[in-house]
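Remarks on the structure that follows.
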Amino acid sequence: MKTLISEFAIKEKVEELAQQLSIDYKQKNPVLIGVLKGSFIFLSDLARAMDFPLQLDFMSVSSYGDDTKSSGIVRIIKDLDDTITDRHVVIVEDILDTGLTLGYLVEMLGARKPASIRICTLLSKNHNRKTVHISADYVGFEIEDKFVVGYGLDYRGYFRNLPNIAELEEEDLALGFLAD
Ligand code: IMP
């Protein structure tokens, strides 16, 4: 596995994003929506870097199954606990790839009439946005079309606990615990 983004670089970027969000949302009592499971570490660091009133809620959707390619199917596994009508919403994602997941989420949450809705993603693979025209308002890092793991991102449920972001290589797929 090859480190793509170090723990330190992530920390600096998260603080930078938190500062931007603080400027934009300090007076707005926003609700940050974490898209599970991938965003849980990013969101917890991001939220702790913000020093103003905000609320957190979570959704769980699946567009991937266990593979490394988008399935094209977005399934809601867990919906929000609370209503977002008239609230300023920031969707927090780990990675924007084809845009399928976020495209679906923005449409679905937009129908609940929030006061505003924006996207904050740690990573973005821009060249993969073929079918869905969606862009994030806050982006940590633009990355190439490589499958990455760590800092919340997984392969078959593993590697979420890595403190850095690493590129999954061919040889990693031979690791014993990944065998079917
Ligand atoms: P999209 O719907 O194609 O934009 O995919 C978004 C979701 O796919 C993310 O929330 C991740 O769960 C997953 N995903 C996309 N690329 C990667 C990757 O490189 N590593 C791990 N998960 C990924």
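As the structure lists them, so they are numbered: ligands from 1, and atoms in each ligand from 1. Numbers for residues simply follow the sequence, beginning at 1.
At a threshold of 4.0 Å, the pair Glu15-Lys11 counts as salt-bridged, since one of the basic side-chain nitrogens sits closer than that to a carboxylate oxygen. A salt bridge links Arg112 with Asp79: the closest approach of a Lys/Arg side-chain nitrogen to an acidic carboxylate oxygen falls below 4.0 angstrom.
For Leu153, the closest heavy-atom approach to ligand 1 falls below 4.0 Å. Put simply, no part of Gly38 is less than 4.0 Å from ligand 1, judged by heavy atoms. Using a non-hydrogen distance threshold of 4.0 Å, Lys146 registers as a contact of ligand 1.
Nearest-heavy-atom check against atom 6 (C) of ligand 1 across Leu36, Val61, Val148, Thr101 picks out Thr101. When the heavy-atom distances from atom 23 (C) of ligand 1 to Ile95, Val149, Val35 are ranked, the shortest goes to Ile95.
A donor-acceptor distance shorter than 3.5 angstrom exists from the side chain of Thr98 to the backbone of Leu100, with no hydrogens or angles considered.
We find the CD-NZ distance between Glu169 and Lys146 to be 9.5 Å, quoted to the nearest 0.5 Å. Remark: Asp81 CG to Asp57 CG distance equals 5.0 Å, nearest 0.5 Å.
Each of the following atoms of ligand 1 lies closer than 4.0 Å to a heavy atom of Asp154: 21 (C). The distance from ligand 1 to the heavy atoms of Glu93 drops below 4.0 Å at these ligand atoms: 10 (O). Taking every heavy atom of Leu100 and a limit of under 4.0 angstrom, the matching atoms of ligand 1 come to 2 (O), 4 (O). Those atoms of ligand 1 with a heavy atom of Lys125 less than 4.0 angstrom away are 16 (N), 17 (C), 18 (C), 19 (O).
For Lys26, the NZ atom is densely surrounded, since the number of other residues' heavy atoms within 6.0 Å is greater than 12. Environment of NZ in Lys37: sparse, with no more than 12 heavy atoms of neighbouring residues, nucleotides or ligands closer than 6.0 Å.
Looking at Leu102 next to ligand 1, no N or O pair under 3.5 Å apart turns up.
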